[in-house]
Amino acid sequence: MHEERTQVAIVGAGPAGMLLAHLLDREGIESVVVETRTEEYVASRIRAGILEQSTVDLLREIGLADRLEREGDEHRGIHLQWTDRGHSERHHVDFVDLTGRSVWVYGQTEVQKDLVAAARERGQVVHYEVADTALHDLETGQPSLTFTRDGEEVRLRAEVVVGCDGSFGPSRGAVPDPRTWDRTYPYSWLGILADVAPSTDELIYAWHPEGFALHSMRSSTVSRFYLQVPNDTALDDWSDDRIWEGLATRFDLDGWTLQTGPITDRSVLPMRSFVQTPMRHGRLFLAGDAAHIVPPTGAKGLNLAVADVALLAPALVAWLRKDDASLADAYADTAVRRVWRCTHFSWWMTTMLHATGDPFDEQLQLSQLRWVTSSDAGAAGLAENYAGLPIGF
Ligand code: DHB
């Protein structure tokens, strides 16, 4: 078996793993990243597009925000809309006025490309297309990963292993007797990308008796939309016309028109909340989707992964460079507090905005929407969570 050695072995080359490698490198800690997919696959996955304030602050601080500054778009807030007995209202919630914090529209796909470019520039070792990744000896001082690469078996020895390999990767299964919490929602999202200028300056989250809809964007010429659909939805059931009609109905507002254009991508996304603790076992640490999944409403997934890694990187640096394990020992408990805050916020946004067909739910949702758009206290709670709490929260 071929043997390699590094300080930190990172499983998964998505944004969590690549950002961690970047942060460690800045402090002189060496890492190797292993990934089952191809580089092109990881870089082209379409994910959410909203960066919260702390994510942007961090990317700026580490010199990864040049393209974000040029091509990203800062938003002051969001629009919330509902349609009650045929009458629609749309209200703006201004995060900057309410909390002094804003958000940026910049796709996770773009963040990933920036991380990959930076990794290439510094000569970061990333092994793509590995198979059979397994974690070993996590309770000892000599943990390792084994995997096959081009048919060759490799053992990667490290001081620490970090699982950034999502909910389907092997890392979370390497934590014995975890505690898990799980919620599957009774609806999914149909997401599309379209070559059409956004019909709105900032995102619109729309509650409608037929189902939720979200108008987001990627640039001045590309719009992103989501429609609430039943869980067993097949893409073939939704022709382009049906999609545009569904969106037009749910966003309908006097004096406003939805522009349409060619649809360039479509997919159905399940909605799930999942948390697994502890986020550490011996010399294994979990970050991002390996330990938690949030439903997409509110776009917390990437931001939460960034927060995990921003907490973990200095903890590993202190441990490996100064033999000070106090931050590493605190990581699991500190990280999981923010995880539950974002889990609650994502659940709250999701349940406020999705039609269930239950008339009691409907009245509660409308009342909640009226409160968060008419009371500064209600709006500030949404704004603080959406624009994001400071990393150290
Ligand atoms: C996007 C996705 C979200 O889930 C959200 O809440 C906002 C924006 C997006 O893909 O643009």
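We're numbering straight along the sequence, starting at 1. Counting starts at 1 for both ligands and their atoms, following the listed order. When reading the values below, keep in mind they use all heavy atoms of this one structure, side chains included, and skip hydrogens, waters and symmetry mates.
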Checklist entry - If you measure every N/O of Pro296 against every N/O of ligand 1, is any gap under 3.5 Å? => result yes
Checklist entry - Counting both backbone and side chain atoms, is some N or O of Met217 under 3.5 Å from an N or O of ligand 1? => result no
Checklist entry - Between Tyr386 and Tyr205, how do the two ring planes meet: parallel, tilted or perpendicular, split at 30° and 60°? => result perpendicular
Checklist entry - When the ring planes of Trp189 and His354 are compared, do they come out parallel, tilted or perpendicular, using 30° and 60° as the limits? => result parallel
Item to check | For atom 10 (O) of ligand 1, closest protein heavy-atom neighbour | outcome: Tyr226 OH, 2.6 Å
Next on the checklist: To check your reading of the model: name the closest protein heavy atom to atom 11 (O) of ligand 1, its residue, and the distance in Å.
Outcome noted: Ser216 OG, 2.5 Å
Identify, by atom number and element, the atoms of ligand 1 in contact range of [X], meaning under 4.0 Å from any of its heavy atoms.
| X | value |
| --- | --- |
| Gly298 | 6 (O) |
| Gly49 | 1 (C), 9 (C), 10 (O), 11 (O) |
| Ile50 | 7 (C), 8 (C) |
| Trp189 | 4 (O) |
| Tyr205 | 5 (C), 6 (O), 7 (C) |
| Leu203 | 7 (C), 8 (C) |

Next on the checklist: Any salt bridge linking Lys322 with Glu27? Criterion: basic side-chain nitrogen under 4.0 Å from a carboxylate oxygen.
Outcome noted: no
Checklist entry - Does the pair Arg283/Glu139 count as a salt bridge with the N-to-O cut at 4.0 Å? => result no
Item to check | Connected via hydrophobic side-chain network under 4.5 Å: Trp347 and Val294 | outcome: no
Item to check | Leu327 with Val339, same ILVMFWY side-chain cluster at under 4.5 Å | outcome: no
Checklist entry - Do you know which of Asp240, Asp195, Val196, Leu193 makes side-chain contact (heavy atoms from CB on, under 4.5 Å) with Ile263? => result Asp240
Next on the checklist: At under 4.0 Å between heavy atoms, is it the side chain or the backbone of Leu214 that contacts ligand 1, or both, or neither?
Outcome noted: side chain
Next on the checklist: Would Arg218 count as a contact residue for ligand 1, given that I'm defining contact as a non-hydrogen atom of the residue lying under 4.0 Å from a ligand atom?
Outcome noted: yes
Next on the checklist: Taking the ring centre of each residue, are Trp181 and Trp340 less than 6.0 Å apart?
Outcome noted: yes
